[in-house]
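Position 1 is the first residue of the sequence, and the numbers go up from there. Atoms within a ligand are numbered from 1 in the order they appear, just like the ligands themselves.
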Amino acid sequence: MPEAAAPSACVEVAALAPVPGLLTYRVPPRLAARAVPGARVLVPLGGRKLGGVIVRAAAEAPGKPLRDLIDVLDDEPSLTAELVALCAWIADYYEAPIGEVVRGALPPGSGGGATDVVAITDAGRAALEARALPPRRRDLLAELAARGPRPPRALPARARAELDAVIAAGWAASGEQRTAARVREATERWVELAAGVEAEAAAKALARAPRRRALVQALAAGALPAAELTAAAGAAAALRELVRAGTVVVTHRPSVRAAVPASSLPAAATPPTLSSEQAAAHAAIAGALGGGFASFLLHGITGSGKTEVYLHVIADALAAGRTAIVLVPEISLTPQLAARFAARFGAEVAILHSGLSERDRLAEWQRLRRGRARIAVGARSAVFAPVADLGVIVVDEEHDGSFKQEEGVRYWARDVALVRAQRAGAVCVLGSATPSLESFHGAALGRHRLLTLTERPTPRPLPTVEVIDLRVHLPDAEGMLSAPLAEAIGGALAAGDQVILFLNRRGFATFVLCTACGAASRCPNCSVSLTYHQLQDRLLCHYCGHGERVAEVCPACKTRGKIERKGLGTERVAAAMSARFPTARVARLDRDVASGARAEAILARVARREVDLLVGTQMVTKGHDFPGVTLVGVLCADTGLSLPDFRGAERTFQLLTQVAGRAGRGERAGRVVIQTYRPTEPAVACAARHDYRGFYEVELAARAELRYPPHGRLVAVRIDGPVPAAVAETAERLTALALAAGRDQEVTVLGPVAAPLSRLRGRTRWQLWLRGPDRAALRRVVRALRGLEVPPQIRVGVDVDPVSTL
Ligand code: ADP
Ligand code: ZN
């Protein structure tokens, strides 16, 4: 036997494709220098070439011939070693393929590698020509035949529902298509004197061409961006002439400009003097900076100046030479917040905004990676911001459900932020007026230090809240406004103030039914009723996008003219308000009218007071600061309480408290009117009293009985597929496995049951919930489930610390 060979250079690679685990490759000597953790690579797998990222160095496994890396794509690794390690932690904790985690952490558009696609097969073409097929199946095959291999998500929803059946029949096959990285880094043109050109002499020669001479003189000290040089009138033409004459040359360099130019930002605001409560919170956090990991829960009522505390802490971190990440629920809904960071710190802020083009996002990412910007502000994926020397991570509105990713890797950015801070020896600040039960309980147990802001630093008290019992004050004929709320709206509008009305349902009518037979219009792909949208004059499914016209004749009983549109949605409320208050300028904010930039535009109109009455879904409850709003009306507080969701009460309390906090932020006192059928419900009553603690105590006790979080941990196992019986059977088999594995570890298996949303996009859905005292016990049970061979059309998803119960 030979001596143990010198450790040959091998690496473990996370493939950017649905391949479980890590793949090991040999590093050919020519690539050795660049094959470091975090670098993107191209690897062979079977007959394909996949994109991937190196996770760590490895020793060659004896007796197992390894293939070579094909290429290393980065000169400088795309991900830092810290981020690669964080990805590995996420993959392990959330039971997700590491390649998918890494893909989410990579700069936008740089994935490259391979895309999943479906393509028609020869058998499919034959079927399409020879047979009479059901129309949807024919449409799907025709689409694939006409347009070539396509990613499943790019197919129309109706076609997608047929996909599994068509693949099962052998008429289409799924595979992968290799794609180059879509986005190239933005570059800008730089100008410098050509080699051998001497500035003084060249300028002298241009004595009679003042514009050209000025350019040459400007370049004497070194290269400059072309954009800067050509700002003056006539300079662009002069520059072209100099290029033609060979006096100067143009090169392309990576752009280091901020996607949001600093000049468009308001001038740096002078920080206000902190109130004593704010100063105490700031001192506590600042004292922990640089001293290793510490976590804080900053519980401050709406408008108590939490953001100001974050700004101070971040200034301290920067002064100490460190960096910061600020996670916010949704940037397009909180443009004011991002603007405040930019106003205070200028070009140090990089905003990772899904509304930016991929190229701009990549530019912002690169500014962080290169240390040109040291503060990353963004939604949940900004937890992967490529900053070095992390000093602090702020999670603003930490209770917000948007921090949980609900597709792909189902991570919870708030918890990942805590873990990243812990691993980096940084400080993590969770801030909210309505902390999640998990976080407040964590503070009670001493896991986070609790800091409290009980008052607003401005002389603006919290608004008064009136609860209107709809059983006593009957709403109007449309089921919308009680007399007290109608009066309050009229009064506020007459006084020239602004009003926000909140209803958590979009659309015009939330269900449509035949009053002769009672049949409601339901989605053919999902187990939900269709919502009527007046603008499009169509019924739409809010889950799969299916749309159809409202029938004249009831499809069930054939009666004509008895189809009625029932149930309130924001579209109907906005229309009714325009009719009832004809002089008021009414705007609507929900996902139908406002995604991304359009939401910002609507909010900007409200801020400029071009809107008198804003009707909207939970989008209106976010941290908006509109001084003109004196009245907030909640049309029905209890819509969220009847959902089959153990967090329903918590979410209702949060929404009510947050929306109430929008009233009375200016000179004039605020007022909140909450309509409800359940005025004694703690979520409603406590929100009306601004009583967070009261709600927390009641809710914590309620959850103790069933050992729901924060008392125990949950894992949801979601099973779905096109054939109901097969899904049910898989669910039963998984349950049997879970019961066997969980017996001696205090893990309770709940279910299996059909999911509340029992059919979605043509797939039947079942769930089974695992409840255990801690993550370790649950992990063993989850790993045991991996042993089950699942039929190909059935998907089994593991959701650790689930939020959605649907
Ligand atoms: P929160 O983040 O808790 O909702 P903000 O930080 O947005 O609160 O503060 C609410 C308002 O109070 C903002 O307009 C902010 O500029 C102002 N503010 C915050 N701190 C102070 C302070 N110490 N002095 C004066 N105004 C302040
Ligand atoms: Zn649907």
Side-chain angles (χ1 to χ4, degrees), residues 136 156-161 266 269-282 297-314 326 328-329 334-341 343-344 394-400 429-435 451-463 507 511 520-531 538-548 607 621-629 657-667 670 690 692 720 757-765 806:
R136 285 199 198 168
R158 291 163 52 94
R160 214 157 45 215
T270 6
T273 314
L274 296 183
S275 70
S276 58
E277 279 184 338
Q278 284 174 312
H282 169 227
L297 175 61
L298 179 58
H299 176 210
I301 61 166
T302 53
S304 59
K306 294 182 290 294
T307 310
E308 205 47 61
V309 174
Y310 309 150
L311 290 164
H312 275 73
V313 170
I314 291 168
V326 183
V328 298
T334 49
Q336 287 172 320
L337 184 85
R340 273 169 77 182
F341 280 89
R344 189 70 56 87
V394 171
V395 185
D396 188 33
E397 311 292 3
E398 64 85 24
H399 64 276
D400 198 282
V429 182
L430 309 177
S432 177
T434 51
L451 305 169
T452 314
L453 306 179
T454 58
E455 19 188 73
R456 293 179 168 180
T458 47
R460 315 262 182 267
L462 283 174
F511 59 102
S521 299
R522 300 183 67 79
C523 175
N525 309 321
C526 310
S527 54
V528 294
S529 47
L530 296 171
T531 300
R538 278 171 85 74
L539 292 166
L540 298 178
C541 172
H542 284 182
Y543 289 93
C544 73
H546 167 86
E548 58 186 60
T621 69
K622 304 289 168 178
H624 318 303
D625 192 14
F626 301 130
V629 173
T657 305
Q658 295 288 346
V659 78
R662 300 315 115 213
R665 295 175 80 103
E667 301 286 312
H690 306 295
Y692 176 81
D720 69 63
L757 195 58
S758 61
R759 209 159 158 85
L760 181 65
R761 300 185 184 100
R763 297 173 73 91
T764 293
R765 310 165 77 236
L806 297 179

**Request:** Taking the side chain as every heavy atom from C-beta outward, state whether His282 and Glu308 have any pair of such atoms under 4.5 Å apart.
**Result:** no
**Request:** For residues Pro329 and Glu397, determine if any side-chain heavy atom of one lies less than 4.5 Å from a side-chain heavy atom of the other.
**Result:** yes
**Request:** Sort out for me which residue in Arg456, Arg662, Gln658 forms a side chain to side chain donor-acceptor pair (under 3.5 Å) with Thr302.
**Result:** Arg456
**Prompt:** Side-chain donor-acceptor pair under 3.5 Å between Ser304 and Glu455, yes or no?
**Reply:** no
**Item:** For atom 20 (N) of ligand 1, closest protein heavy-atom neighbour
**Value:** Gln278 NE2, 3.0 Å
**Request:** If you have a sec, read the angle at the Zn ion (ligand 2) from Cys523 atom SG over to Cys541 atom SG, to 10 degrees.
**Result:** 110°
**Message:** Give me the residue, atom name and distance of the protein heavy atom closest to atom 8 (O) of ligand 1.
**Reply:** Gly305 N, 2.9 Å
**Prompt:** What is the closest protein heavy atom to atom 4 (O) of ligand 1, and at what distance does it sit?
**Reply:** Gly303 N, 3.0 Å
**Complete:** Closest to atom 2 (O) of ligand 1 among protein heavy atoms sits Thr307 OG1, 2.7 Å
**Asked** Of Leu298, Thr458, Thr273, Asp625, which has the heavy atom at the shortest distance from atom 26 (N) of ligand 1?
**Response** Thr458
**Request:** May I ask you to decide if Asp625's main-chain N or O and Arg665's side chain share a donor-acceptor pair within less than 3.5 Å?
**Result:** no
**Over all atoms of both residues, closest heavy-atom pair of Lys306 and Gly300** = NZ-O, 2.8 Å
**Message:** Distance under 4.0 Å to a non-hydrogen atom of Ser275: what atoms of ligand 1 satisfy this?
**Reply:** 23 (N)
**Prompt:** Among the heavy atoms of Ser304, does any lie under 4.0 Å from an atom of ligand 1?
**Reply:** yes
**Item:** Those atoms of ligand 1 less than 4.0 Å from some heavy atom in Glu308
**Value:** 6 (O), 20 (N)
**Prompt:** Do Leu274 and His312 come close enough that some side-chain heavy atom pair is under 4.5 Å?
**Reply:** yes
**Message:** Is there a side-chain contact between His299 and Leu451 in this structure, where contact means two heavy atoms from C-beta onward sitting under 4.5 Å apart?
**Reply:** no
**Request:** Report the member of Glu397, His624, Lys306, Arg340 with the shortest heavy-atom distance to atom 3 (O) of ligand 1.
**Result:** Lys306
**Asked** What protein heavy atom sits nearest atom 27 (C) of ligand 1, and how far away is it?
**Response** Pro457 CG, 3.8 Å
**Item:** Protein heavy-atom partner closest to atom 25 (C) of ligand 1 - residue, atom, separation in Å
**Value:** Pro272 CB, 4.0 Å
